[in-house]
Amino acid sequence: MKGKNNWTLFILILAGIVLGGFLGNLAESVSWLGWLNYGQTFGLQNPVILELGILVLTFGLTIKITIAGIIGIIIGILVYRYI
């Protein structure tokens, strides 16, 4: 475990989420793989806007968790464990 660190795990989990979401969107059009894109979306529907005169800040976050994303997270953790 000498070469492993938390940043590697974070990057692998993030890559698993992104690839899982991408594959879930691709699988949505295939009838027998449509379940991979099943999930829940939560977060701020309307972003919070803070106007400070010359500076306008917009805060917003929406997270969509799908089955394909969860599988991607698990694969990322397994890859981290075996490298």
Would you say W32 and I67 are hydrophobically clustered, going by side-chain heavy atoms of ILVMFWY under 4.5 Å? yes

Rounded distance (nearest 0.5 Å) linking atom CD1 of I71 with atom CG of L19: 13.0 Å

Separation between CG of N37 and NZ of K64, rounded to the nearest 0.5 Å: 4.0 Å

Any side-chain heavy atom of I83 sitting closer than 4.5 Å to one from L12? yes

Can you confirm whether L44 sits close enough to T62 that some side-chain heavy atom of one is under 4.5 Å from a side-chain heavy atom of the other? no

Between atom CZ of F10 and atom CG of N5, what is the distance when rounded to the nearest 0.5 Å? 12.0 Å

Nearest atoms (heavy-atom pairs only) where A27 meets L36: CB-CD1, 4.0 Å

If you compare all heavy atoms of P47 against all heavy atoms of G60, which two are closest, and at what distance to 0.1 Å? CB-CA, 4.3 Å

Close side-chain approach of T66 to Y38, heavy-atom, < 4.5 Å: no

Shared ILVMFWY cluster between I77 and L23, side chains joined below 4.5 angstrom? no

For I49 and L57, run side-chain contact (heavy atoms from CB on, under 4.5 Å): C-alpha distance rounded to whole Å, both residues' side-chain angles, the deciding distance at 0.1 Å, then the answer. CA-CA 6 Å; I49 300 172; L57 297 173; over 6 Å; no

Interatomic spacing from CD1 in I13 to CG in L9 - rounded to 0.5 Å: 4.0 Å

Does I65 sit in a hydrophobic cluster with other residues, and if so which ones, taking ILVMFWY side chains as linked at heavy-atom separations under 4.5 Å, directly or through other members? F42, L61, I63, I70, I74, L78, Y82

Hphob cluster co-occupancy, V48 + L50, side-chain heavy atoms under 4.5 angstrom: yes

Shortest non-hydrogen contact from A68 toward G20: CB-O, 3.0 Å

Can you tell me how far apart CD1 (I73) and CG (L14) are? Round to the nearest 0.5 Å. 9.5 Å

